[in-house]
Novice: 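I have a structure here, written as structure tokens, and I will follow up with some questions on it.
None of the values given here were measured: they were computed from a predicted structure. One-based numbering along the sequence shown.
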Amino acid sequence: FKHKDIEVSVRAKHGYPSPKIIVKRKFLFMDEAKDIKVKEELVNRISKYIKLTFEDKDSQTAFLFLQSKELLAMLKTCLEEEGYSCLVATADSRKSQDRINQGDEDIILSTSALSRGIDLSRPHKPINKIYAIITDFGIESNLVEMIQAISRARGDEETEKNPKEL
């Protein structure tokens, strides 16, 4: 992809845990999310996008990475009102890897707490949809976190054999 007229490509020394990754970019341009009305609008737009793109919640899990605990809490409420079951995993929540991997929630919501050091392995309900919500994107500040976040959906044969959509 291009960022500020610079061609950007990412190569990893280790293979990505999927035979194919489908990258879709959706940009929601908004004013800085400081005002509660702007935050609510952002959460509603994210929820609407998830509802349009995450169709198979009965057999798959979605993973959503968002670097704001306040917005995660608001998004969890909004998604649950739409009929999704959600698990919020942040550094404060101290959810165990076993609890995360054995759960049946439709969507796992996380800050950078899950972007490193934990594999999301759910063979009974594989993670095939990954949403990375970046509210203030910068190549230097966000690229490593994004790469770490999208590579969390790995660890078992069932999860790794399917394409991932980012």
Novice: Is the Y84 ring parallel, tilted or perpendicular to the F54 ring (thresholds 30°, 60°)?
Specialist: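 Rings of Y84 and F54: parallel, under 30°.
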Novice: Heavy atoms, side chains only, cut-off 4.5 Å: are L42 and L71 in contact?
Specialist: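 Answer yes - side chains close enough.
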Novice: Report yes if the side chains of C86 and E105 come closer than 4.5 Å at any heavy-atom pair, otherwise no.
Specialist: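 They are not in contact (no side-chain heavy atoms under 4.5 Å apart), so the answer is no.
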Novice: Take L75 and L109 through the side chain to side chain contact (heavy atoms under 4.5 Å, CB included) test and state the conclusion after the steps.
Specialist: CA-CA 9 Å; L75 186 58; L109 304 167; 4.2 Å; yes
Novice: What distance separates K51 NZ from C78 SG, expressed to the nearest 0.5 Å?
Specialist: 9.5 Å
Novice: Less than 4.5 Å apart, side chain to side chain, heavy atoms only: is that true for T53 and Y131?
Specialist: yes
Novice: My understanding is that only residues two or more places apart in sequence, or in another chain, count here; which of them pass side chain to side chain donor-acceptor pair (under 3.5 Å) with S85?
Specialist: D106
Novice: Could you list the residues that satisfy side chain to side chain donor-acceptor pair (under 3.5 Å) with K57, not counting sequence neighbours?
Specialist: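 Checked K57 against side chain to side chain donor-acceptor pair (under 3.5 Å); zero matches.
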Novice: L64 versus I46: any side-chain heavy-atom pair under 4.5 Å?
Specialist: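 With C-beta onward as the side chain, the pair touches.
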Novice: So how far is it from L87 CG to D104 CG, rounded to the nearest 0.5 Å?
Specialist: 11.0 Å
Novice: Keeping the roles fixed (side chain from S47, backbone from V43), state whether a donor-acceptor pair exists under 3.5 Å.
Specialist: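 Absent.
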Novice: For Q102, what residues pass the side-chain contact (heavy atoms from CB on, under 4.5 Å) criterion, not counting sequence neighbours?
Specialist: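 Result, side-chain contact (heavy atoms from CB on, under 4.5 Å) vs Q102: D98.
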Novice: Going by heavy atoms in the side chains, are R122 and I108 under 4.5 Å from each other?
Specialist: yes
Novice: How would you list, by chain and number, every residue that makes a salt bridge (Lys or Arg N to Asp or Glu O under 4.0 Å) with K48, sequence neighbours excluded?
Specialist: none
Novice: Please find the pair of heavy atoms, one from S110 and one from L72, that lie closest to each other, and give the distance.
Specialist: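 The pair with the smallest heavy-atom distance is C-CD1, 3.6 Å.
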Novice: To the nearest 0.5 angstrom, please state how far the CD1 atom of I133 sits from the CZ atom of F65.
Specialist: 10.0 Å
Novice: Which residues satisfy the side chain to side chain donor-acceptor pair (under 3.5 Å) test with Q60, sequence neighbours excluded?
Specialist: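 Side chain to side chain donor-acceptor pair (under 3.5 Å) list for Q60, sorted by chain: empty.
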Novice: Tell me every residue that passes side-chain contact (heavy atoms from CB on, under 4.5 Å) with T77, counting only those two or more places apart in sequence or in another chain.
Specialist: E81
Novice: So, the side chain of H124 versus the backbone of G103: is there a donor-acceptor pair under 3.5 Å, distance only?
Specialist: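 Such a contact is found between H124 side chain and G103 backbone.
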Novice: Does any N or O in the side chain of T111 come within less than 3.5 Å of the main-chain N or O of S68, such that one atom is a donor and the other an acceptor?
Specialist: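 Checked: no pair found.
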Novice: Just to verify, what does N44 make a side chain to side chain donor-acceptor pair (under 3.5 Å) with, not counting sequence neighbours?
Specialist: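 If we apply the side chain to side chain donor-acceptor pair (under 3.5 Å) test to N44, skipping adjacent residues, there are no hits.
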Novice: With sequence neighbours excluded, what pairs up with E40 under the salt bridge (Lys or Arg N to Asp or Glu O under 4.0 Å) test?
Specialist: none
Novice: Flag the pair M74 / K69 as yes when at least one side-chain heavy-atom distance between them is below 4.5 Å, and no otherwise.
Specialist: no
Novice: Look at K37 together with E41 and state whether they make a salt bridge at an N to O cut-off of under 4.0 Å.
Specialist: no
